[in-house]
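Quick note: numbers below take in every heavy atom, side chains included, and nothing from hydrogens, waters or symmetry partners. By convention here, the first residue in the shown sequence is residue 1. It should be emphasised that the depicted structure is a prediction, and the values quoted were computed from it without experimental measurement.
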Amino acid sequence: MKTCERFARIKSGYERDITYLRNHSQRSAGTKAAKTSATNALDLKSRMAKALGRHFDVCPICG
């Protein structure tokens with residue numbers, strides 16, 4: 001699948017944020033903040049899928 005630079009930029013930004021939240025969750029294991037970070041990482045993963053899907057629908061290079 002060929003994708004454009006914008007697709008890669010959107011994906012890398014979301015992946016960076018997801019990684020940050022997961023690492024924070026692991027460092028703070030057992031705390032309320034860790035659970036919140038893990039939940040936020042899952043929510044962010046869902047938002048990334050939606051954003052990439054929207055991009056894929058309208059982009060002439062990716063679609």
Side-chain angles (χ1 to χ4, degrees):
M1 170 171 89
K2 182 178 179 184
T3 58
C4 67
E5 291 178 22
R6 184 161 188 229
F7 184 92
R9 189 172 57 244
I10 293 169
K11 185 176 178 184
S12 69
Y14 274 106
E15 287 177 340
R16 182 182 61 240
D17 293 344
I18 290 168
T19 301
Y20 174 80
L21 288 169
R22 284 185 179 162
N23 288 340
H24 179 266
S25 177
Q26 290 173 353
R27 282 192 312 268
S28 307
T31 65
K32 193 172 187 178
K35 186 174 182 180
T36 301
S37 290
T39 303
N40 287 342
L42 289 174
D43 291 341
L44 197 58
K45 193 171 184 181
S46 172
R47 282 183 273 174
M48 176 181 74
K50 289 178 185 177
L52 292 176
R54 282 190 307 266
H55 172 80
F56 195 77
D57 288 341
V58 298
C59 181
I61 298 170
C62 295

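Note that the OG1 atom of T39 and the CG atom of L44 stand 12.0 Å from one another [nearest 0.5 Å]. With rounding to the nearest 0.5 Å, the separation of CG in N40 from CD1 in I18 is 11.0 Å. Considering CG of L42 and OG of S37, their distance stands at 11.0 Å, rounded to 0.5 Å.
Ring planes of F56 and F7: perpendicular class, angle over 60° (limits at 30 and 60°).
At a threshold of 4.5 Å between side-chain heavy atoms, the hydrophobic network of Ile, Leu, Val, Met, Phe, Trp and Tyr places M48 and Y20 in one connected group.
In this structure the side chain of R6 never reaches within 4.5 angstrom of the side chain of C62, judged on heavy atoms. Residues R22 and K45 have side chains in contact (heavy-atom distance under 4.5 Å, counting atoms from C-beta outward).
Of all non-hydrogen atoms in T3 and I61, the two that sit nearest each other are C-CG2, 4.5 Å. In terms of heavy atoms, R47 sits closest to Y14 at O-OH, 4.1 Å.
At distances below 3.5 Å, not a single donor-acceptor pair connects side-chain atoms of S28 with backbone N or O atoms of S25.
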